[in-house]
Amino acid sequence: TVGGGLAAAATTAGVTALSMERLIQRATGPEDSFAARLRRRLDVIASAETTLLGRTLGLADAVAGQARRRQPYVEA
């Protein structure tokens, strides 16, 4: 498996960012948990969308996609 992570500089800001990253990883639990999957999805949206509106629409699309995937497939 390939894991995610953060490469931080050895400065006060870098140490703070690394500490926050570790705290968030502990809070979200295992990599396959709902919170961890949601965080990864939000990271992807945030890297592609620069506006609040774009991020909100990306989140709405992710939620709608999750709802579509959970519905059973019924042939017509």
Side-chain angles (χ1 to χ4, degrees):
T1 16
V2 175
L6 174 72
T11 61
T12 304
V15 171
T16 302
L18 190 57
S19 297
M20 291 302 296
E21 178 72 16
R22 288 182 179 152
L23 179 68
I24 291 169
Q25 284 178 348
R26 287 188 184 137
T28 57
E31 289 185 16
D32 61 340
S33 71
F34 172 76
R37 289 193 318 265
L38 177 62
R39 180 170 182 266
R40 284 192 304 271
R41 180 66 176 155
L42 292 175
D43 284 345
V44 170
I45 292 169
S47 68
E49 300 292 343
T50 57
T51 64
L52 179 59
L53 178 61
R55 290 179 183 189
T56 304
L57 292 173
L59 178 60
D61 184 53
V63 169
Q66 185 67 24
R68 284 190 302 267
R69 283 189 290 280
R70 292 195 179 269
Q71 290 179 351
Y73 178 73
V74 178
E75 288 190 30

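Not measured: the values here are computed from a predicted model.
In this structure, OG1 in Thr56 is found 12.5 Å from CG in Asp61, a value given to the nearest 0.5 Å.
Taking the side chain as every heavy atom from C-beta outward, Arg40 and Val44 never approach each other to under 4.5 Å.
Annotation for Glu49 and Arg55: closest pair O-NE, 3.0 Å, computed over non-hydrogen atoms. Of all heavy-atom pairs between Ala62 and Arg41, the closest is CB-NE, 3.3 Å.
Hydrophobic clustering places Val63 together with Leu42 (ILVMFWY residues linked when any side-chain heavy atoms are closer than 4.5 Å, directly or through intermediates).
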